[in-house]
Amino acid sequence: MSERQKLSPSDWWATSIIEMKPGMIRYRGYAIEDLIGRVGFAEMVYLLTRGELPSKPAAKLLEAALVAAVDHGPQAPSIAIARMAMTCGVGINNAMASATNVLGDVHGGAGEQCVELFNAVAARLPEGARDAAAITKAVTDEIEALAARGIRHVPGFGHRFHHLDPRAPRILSLVDEAAAAGAVSGLFAAIGRTVEDVIAQRRGGKRVPMNIDGATGVVFAELGFPPPLCRGLFVLSRSVGCLAHAWEESQSDYRNKGPIPRDQIWTYTGPGPRKVPE
Ligand SMILES: CC(C)(COP(=O)(O)OP(=O)(O)OC[C@H]1O[C@@H](n2cnc3c(N)ncnc32)[C@H](O)[C@@H]1OP(=O)(O)O)[C@@H](O)C(=O)NCCC(=O)NCCS
C-alpha cells in the first residue's frame, strides 16, 4: 500500500489554509471574526495565497493591480462572452466561468508568462548587479532566448486597442512610490521598463508599450507571487467585470445574442453550391 493510500480520511485534504470546527473558522491561524471588518479583500487574497498578511504597502499594490484589470468592455473577448452566455439562459456563475475560461496566454492570462520572463531576467543578473547596463544585457539575452524559441510577441507588451495603455504608467508610478519607501525592491519595475526599451530598439524605435498584464506582472513580481498565481489574480480581478456585464446583459430583453448583429453575416470562404454525390 502506498503512503498516500495509508492516509487517514482527515489527512486526505490536509491544508495549511483553513481550520474549521463547529463554531470556529480560522484562516492561516486568524479567526474569521477578527479578520472581518479589519482586513480588505486584497489582503485576504494575499493571506490565503501566500500564508501571511501583507504589509500595508504590499496590500496597496495588490489592491491597485486587482482594481486595474476588472473590465475592458465588450470589445474584450472575456466580457463579450460573459454577456453572450447570459443571454443563453444560463446562470450568472456559468456566464462568469465561460468568460474567465478564455483568459489565456494571449488575452488576460499573459501575466503568468510575463512574470516568468521578469524572473528569468532577474536570474540572469550577476550577483548584486542592479545597474541599467546589466539589466539591459539580461533583458536582451532573455528576449533573444524567447525569439530562439519562436516567441515573437513578448508577453505583457502590446495592445490591440491602446497605443499607450493608461493603466500601465499609473501602476508603475505606484510601484515607484513603494520602492522609494523601501517596501519593494523596484527591480521588476526597472526590468519591465527595460523590456519595453529593448523591444523598441529591436523594432527600429517603434514602441510596443507595456499592457495591463505587463504592469500587473511588475506588481506581482515585486510582491514575489509565483507565475501561475499571477494568472489566477488576473482572473479574480476580471471576474468583477464579467459579473457586472453578465448582470447588465441579463437586464436587457435580448435572448440568445450572438457575437454580431443578426442582420450581419460572416464571410463564407468554402466551396460554392454543389450537389451531394449519389
Ligand atoms: C496583445 C497583442 C495580441 C496585440 O496584437 P496586435 O495589435 O495584433 O499586434 P500585431 O501583432 O499586429 O503587432 C503590431 C506590431 O507590433 C509588434 N508587436 C506586437 N506585440 C508585440 C510584443 N508583445 N512583443 C514584440 N513585438 C510586438 C508585432 O510584431 C508587429 O510588428 P510589425 O509591425 O513589425 O509586424 C500582442 O501585442 C501580443 O500578443 N502581446 C503579447 C501577449 C499579451 O501581452 N497579451 C495581453 C494583452 S492585454
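From a predicted model like this one, the values you see are computed outputs, not experimental measurements. Indexing begins at 1, ligand by ligand and atom by atom, following the structure's order.
- Within the structure, salt bridge (charged side-chain N to carboxylate O under 4.0 Å, His left out) contacts touching residues 73-88 (residues at least two apart or in different chains) are Arg83-Glu248, Arg83-Glu249.
- Remark: Lys137 engages Asp141 in a salt bridge, criterion side-chain N to carboxylate O under 4.0 Å.
- Residue pairs meeting the ring-ring contact (aromatic ring centres under 6.0 Å, His included) criterion with at least one partner in residues 236-278, sequence neighbours excluded, are absent.
- Classified by interplanar angle (parallel below 30°, tilted 30° to 60°, perpendicular above 60°), the ring pair His159/His162 is tilted.
- Sequence neighbours left out, the pairs with a member in residues 40-64 that pass ring-ring contact (aromatic ring centres under 6.0 Å, His included) are Tyr46-Phe225.
- At distances below 3.5 Å, at least one donor-acceptor pair connects side-chain atoms of Arg28 with backbone N or O atoms of Leu48.
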Could you go through ligand 1 and list every pair where one of its N or O atoms sits under 3.5 Å from a protein N or O, giving the atom names and the distance to one decimal?
unit_1, atom_1, unit_2, atom_2, d
ligand 1, 8 (O), Arg160, NE, 3.4
ligand 1, 8 (O), Arg160, NH2, 2.8
ligand 1, 11 (O), His153, NE2, 3.0
ligand 1, 16 (O), Arg203, NH1, 3.4
ligand 1, 23 (N), Val154, N, 3.1
ligand 1, 23 (N), Val154, O, 2.8
ligand 1, 23 (N), Phe157, O, 2.7
ligand 1, 24 (N), Val154, N, 2.9
ligand 1, 29 (O), Arg152, NH1, 2.7
ligand 1, 31 (O), Arg203, NH1, 2.7
ligand 1, 34 (O), Arg203, NH1, 3.1
ligand 1, 37 (O), Phe157, O, 3.4
ligand 1, 40 (N), Phe157, O, 2.9
ligand 1, 44 (O), Gly156, N, 2.8
ligand 1, 44 (O), Asn211, ND2, 2.9
ligand 1, 45 (N), Val106, O, 2.9

